[in-house]
Amino acid sequence: MDKPSPFFSNLKCRECGRLYPKQAIHVCDFDFGPLEAVYDYDAIRPVLTRAAIESRPHTMWRYRELLPIDGEPTVGTQVGFTPLVKADRLARALGIRELYVKNDTVNYPTLSFKDRVVSVALSRARELGFKVVACASTGNLANSVAANAASAGLKSYVLIPADLEQGKVLGSLVYGTNVIGIHGAYDQVNRLCSEIAGKYGWGFVNVNLRPYYAEGSKSMGYEICEQLGWRIPQHTVIPMASGSLLTKIHKAYGEFARLGLVENSPFAVYGAQATGCAPIAHAMKRGTDIVKPVPNPKTIAKSLAIGTPADGYYAIHAMKQTGGSAEDVTDDEVVAGIRLLAECEGIFAETAGGVTVSCAKKLIDAGKIPRDGSAVLCITGHGLKTQEAIAGKCGELRLIKPSLREFEEHVYAKDTAAA
Ligand SMILES: *Cc1c(COP(=O)(O)O)cnc(C)c1O
Ligand SMILES: [Zn+2]
């Protein structure tokens with residue numbers, strides 16, 4: 001048993017504020033409010049200085065006092081500290097003064113931001129003594145649980161909708177995990193997982209371990225601040241599935257300001273969804289915090305296709321409170337966003353990245369993000385995993401025989417004539 005962390009004290013209900021012990025529980029017994037990790041910031045402040053952080057390895061664990069485990073991390077110790085790319089060509093294309101891309105397409109080991117949440121959840125699962133770990137997933141979480149559980153020697157089960165992209169399915173199977181395809185949408189997968197978690201005592205990273213899982217997303221926000229030279233960005237555009245990542249980037253910026261690691265400057269967070277499953281963005285546009293479920297999501301952005309988003313209500317409040325807003329885009333716009341990011345910055349994102357880029361374009365065009373401002377786009381997963389979405393939509397091979405004459409006739413002559 002590890003000594004309890006001196007910094008991470010309890011879980012706390014987000015509704016009534018009741019405190020709970022740091023166990024594998026995720027809802028309040030009294031009002032079913034979600035439980036969230038709480039910290040002793042006065043104890044953290046003198047320890048977690050800029051100098052201390054900068055002296056540590058380039059991983060998400062350089063902020064470990066703000067992550068909810070007791071001992072040292074044991075799973076996913078290399079995760080995080082992905083590049084923050086100054087995206088000048090994309091800035092010009094979108095018509096904004098300054099733009100950065102937080103590039104989690106190259107997160108280690110499974111090429112999506114989910115490695116952050118899984119690193120925390122599985123490190124905590126081990127501290128709590130779980131032998132079997134599991135998840136309900138739209139794809140990336142399954143990949144990350146499978147890979148990180150394999151390297152930790154934990155048995156794992158990942159449950160996914162049966163109709164996911166091949167890259168996501170093979171990207172779980174290869175690790176020798178148990179992949180269970182469910183005939184149904186994500187919400188049905190998630191409901192089944194709640195029943196299994198209650199009955200068999202497995203560690204479901206996004207069910208009974210959700211308070212720990214969710215905190216891992218904060219590391220993306222911390223890294224953005226540090227990589228910008230210790231400041232909070234004015235505008236951050238974030239893709240939303242359950243809405244958790246958005247709420248945690250909001251929390252991360254607030255914590256860094258509270259700890260004096262960055263100036264307490266104004267900032268806004270913006271949520272991005274695909275029109276075929278946009279329960280949070282649509283509620284935000286209607287001006288309400290009542291999120292209407294989407295029973296049959298229809299979009300190529302399958303990683304974001306959660307019809308009943310657990311953190312939708314809190315995501316809306318984070319956007320409202322900061323003066324941000326939400327947008328949604330069609331599948332054609334998703335493809336256009338993927339191509340624009342690739343052609344401008346050489347970054348190949350999955351469908352969620354296309355959602356984020358095209359929503360940012362709409363927000364800038366509408367004046368919600370000002371053209372003279374500075375923005376960060378959170379690009380959360382790699383395009384090699386969702387190739388179906390762009391197949392046949394970014395040109396074709398030009399086929400020739402292996403001869404110089406063919407090259408000159410069919411390629412060089414044509415291209416120089418066109419130029
Ligand atoms: C899971 C996921 C998200 C966001 O998930 P939340 O549930 O809102 O935290 C964003 N992008 C990708 C690629 C994802 O896999
Ligand atoms: Zn409560």
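Numbering of ligands and ligand atoms starts at 1, following listing order.
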Do Lys298 and Asp331 have side chains that get closer than 4.5 Å, going by heavy atoms?
no
Under 4.0 Å from ligand 1, counting heavy atoms only, is it the side chain of Lys114, its backbone, both or neither?
side chain
Strictly under 2.8 Å of the Zn ion (ligand 2): which protein N/O/S atoms qualify?
Cys13 SG, Cys16 SG, Cys28 SG, Asp31 OD1, Asp31 OD2
Over 12 foreign heavy atoms within 6.0 Å of NZ, Lys86:
yes
Looking at non-hydrogen atoms alone, which of Asn140, Asn206, Thr351 comes nearest to atom 13 (C) of ligand 1?
Asn140
Yes or no: does Pro239 have any heavy atom under 4.0 Å from an atom of ligand 1?
yes
Under 4.0 Å, heavy atoms only, figure out whether ligand 1 is touched by the backbone of Ser242, its side chain, both or neither.
both
Are Phe130 and Trp202 an aromatic pair by the rule of ring centers under 6.0 Å?
no
Parallel, tilted or perpendicular: which one describes the rings of Tyr222 and Phe256, with boundaries at 30° and 60°?
parallel
Numbered atoms and elements of ligand 1 in range of Leu245, under 4.0 angstrom, heavy atoms:
6 (P), 8 (O), 9 (O)
Counting heavy atoms not belonging to Lys362, are there more than 12 under 6.0 Å from its NZ?
yes
Numbering as shown, the atoms of ligand 1 that approach Glu350 to under 4.0 Å (heavy-atom distance)
13 (C)
So does Gln166 have more than 12 non-hydrogen atoms from other groups sitting under 6.0 Å from CD?
no
Single hit among Lys168, Lys114, Lys385 for salt bridge (charged side-chain N to carboxylate O under 4.0 Å, His left out) with Glu350
Lys168
Test: Glu215 and Lys251 ion pair at under 4.0 Å:
yes
Which residue supplies the protein heavy atom nearest to atom 11 (N) of ligand 1, what is that atom called, and how far is it?
Thr380 OG1, 2.6 Å
Nearest neighbour in protein (non-hydrogen) for atom 3 (C) of ligand 1:
Phe113 CE2, 3.4 Å
Chi angles and distances behind the salt bridge (charged side-chain N to carboxylate O under 4.0 Å, His left out) call for Arg116, Asp104:
CA-CA 10 Å; Arg116 299 175 183 278; Asp104 262 19; 2.7 Å; yes
Please determine, by modelled atom types, if Thr236 and Tyr253 share a side-chain donor-acceptor pair under 3.5 angstrom.
yes
Check ligand 1 against Ala352 and write out every atom of the ligand that is under 4.0 Å from a heavy-atom position of the residue.
11 (N), 13 (C)
Identify, for atom 5 (O) of ligand 1, the protein heavy atom at the shortest distance, and state residue, atom and that distance.
Ala241 CB, 3.5 Å
If the cut-off is 4.0 Å to any non-hydrogen atom of Leu304, which atoms of ligand 1 fall inside it?
3 (C), 10 (C), 11 (N)
Does a side chain donor of either Tyr41 or Glu255 reach within less than 3.5 Å of an acceptor in the other side chain?
yes
Under 4.0 Å from a heavy atom of Ser244: which atoms of ligand 1 are those, numbered in the order shown and with their elements?
6 (P), 8 (O), 9 (O)
Which atoms from ligand 1 have a heavy atom of Gly243 less than 4.0 Å away?
6 (P), 7 (O), 8 (O)
Residue Lys285 excluded, over 12 heavy atoms near NZ under 6.0 Å:
yes
Please classify the Asp311 to ligand 1 contact at 4.0 Å (heavy-atom distances, strictly less than): side chain, backbone, both or neither.
neither
Applying the salt bridge (charged side-chain N to carboxylate O under 4.0 Å, His left out) test to Glu36, which of Lys248, Arg210, Lys22 qualifies?
Lys248
